[in-house]
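Both backbone and side-chain heavy atoms feed into the values below; hydrogens, waters and symmetry mates do not. Counting starts at 1 for both ligands and their atoms, in listed order.
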Amino acid sequence: MKLLIKNGRLIDPANNLDGFYDLIIEDGLVKEIKPKGLIKDTDAESIDAGGMIVCPGFIDMHVHLREPGFEYKETVETGTFAAVNGGFTSVVCMANTNPVNDNASVTKYILDKSREKAYCNVYPVGALSKGLKGEELAEYGELREGGCVALSDDGRAIINSRFMRRAMEYARTFGLPVISHCEDTNLSNGGLMNEGYLSTRLGLRGIPKISESIMVFRDICISELTGCHLHIAHVSTQESVELIRYAKSKGLPVTAETAPHYFCLTEKAVIEYNTYAKVNPPLRTDEDVDAIKEALKDGTIDVIATDHAPHSIQEKDVEFEAAASGISGLETALPLSLTLVREGYLTIRELIEKFTTNPARILRIPEGSLSPGSVANIVVFDPEVEWTIERDKFKSLGKNTPFHGCKVRGKALYTIVKGRIVYEDRKG
Ligand code: DOR
């Protein structure tokens, strides 16, 4: 089977390509890229990508697929359908399932389900500790052999610094990055939103910014001691950014991600007790948003990931204190992130790097490029098309978005996984 994608602006940061090129896929692989009009293959099916951008499929390195155990929130099937709707061809799924992905039989279950049901590639993350309890190390060798690409207790913090040291020593010997959910839970202490004037006014217990940055600094110190690759998840504060910048200036093996809600929203989104804006870490202030945008611009933050955290409506449509934390992010990440290009923080190529080459490099997965011979994981998107975010139209079971009703620009129109069109949106 052959598929020709023609007339688009093709951007492939891994091969330093940006221009009008046609690309042909054969038997699931990228066969050839040539300047526009030069591939003459009449028996190939074709996509006219005029006015669109053609680039490697996006990789979301922070997704909660919820299966096994929480299939009422999301499944491998619905989560990956949401992913391809958003332009992602690979997702990296966190270990906070039930049972926890702390052994190879759970990893196998996720990968078997993915082979059977997934619309895109799925890479599991193994737990750092058994049962996410922060007490006993999981078997990292077994998890790696089973197919895990990183280790994390995301959703839970590792409070015991000695445990984190042992975990990073052990992870290093297996060449696996540790993705850290940085939160001192003694400081966050069951808080519900960012700590400050607004939390006081609303009468909601606050989460101080230092509950994140103290742990960011601790983990940077442990990374320096152990030599383990540390990846900081969902960065939300200016102070964390400054610490990561310091770590990078010292040449430490530290990388970082943020999510679109941390550069598109502030704590003001929770006024009126909007539980759809309740997320952990919480939305912060204008200064933090500015710092995160600057950090994306100067490379301190390597990756945009969604922290896609689907929950049922019943878990969100309750009083603020009782509501689950998290935002369903896969289907809104592209247009929200394109605002960084419109505001001049990133070039379109840099944005694509944060969604493709950078996560691929961090996780050492064979993705994120359009090199001839590589597996054809590709997205074709229109950066300008206007549409309105409507949560009821999400493919995800998680309708929990604070962006419902927002007018945005930019949409994936074709998502291609292993050479097959798995999602097509002709209307935009
Ligand atoms: O808001 C969040 N939800 N933050 C996390 O770290 C975990 C996630 C979840 O699993 O729901």
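With a 4.0 Å heavy-atom cut-off, ligand 1 is reached by the side chain of R66 but not by its N, CA, C or O. With a heavy-atom cut-off of 4.0 Å, A309 touches ligand 1 through its side chain alone. Contacts with ligand 1 closer than 4.0 Å are made by no heavy atom of M94, backbone or side chain. Under 4.0 Å from ligand 1, not a single heavy atom of I327 appears.
Atom 7 (C) of ligand 1 has G155 CA, 3.7 Å as its closest protein atom, hydrogens excluded (heavy atom only). Closest protein heavy atom to atom 3 (N) of ligand 1: S325 O, 3.1 Å.
Residue N96 approaches ligand 1 through these ligand atoms, each under 4.0 Å from one of its heavy atoms: 10 (O). The ligand atoms of ligand 1 that sit less than 4.0 angstrom from a heavy atom of V279 are 1 (O). Which parts of ligand 1 touch H234 is read off a 4.0 Å heavy-atom cut-off, strictly below it: atoms 6 (O). Close contacts between ligand 1 and H181 involve ligand atoms 6 (O) [criterion: under 4.0 Å to a heavy atom].
Across D153, N280, T97, heavy-atom proximity to atom 2 (C) of ligand 1 is greatest for N280.
In this structure, H311 has a heavy atom closer than 4.0 Å to ligand 1.
A perpendicular orientation is assigned to the rings of F58 and F88, their planes being inclined by more than 60° (bins at 30° and 60°). Ring geometry for H234 versus H62: interplanar angle of 30 to 60°, hence tilted.
With respect to the salt-bridge test (charged N to carboxylate O, under 4.0 angstrom), the residues E74 and R66 do not qualify. Ion pairing between a basic and an acidic side chain is recognised when a charged N comes within 4.0 Å of a carboxylate O; K248 and D298 show no such pairing.
Between the side chain of K113 and the main chain of E77, no donor-acceptor pair closer than 3.5 Å is present. A donor-acceptor contact shorter than 3.5 Å is absent between the side chain of K108 and the backbone of G146.
Partners of E71 under the salt bridge (Lys or Arg N to Asp or Glu O under 4.0 Å) rule, at least two apart in sequence or in another chain, do not exist in this structure. For H308, there are no ring-ring contact (aromatic ring centres under 6.0 Å, His included) partners two or more places apart in sequence or in a different chain.
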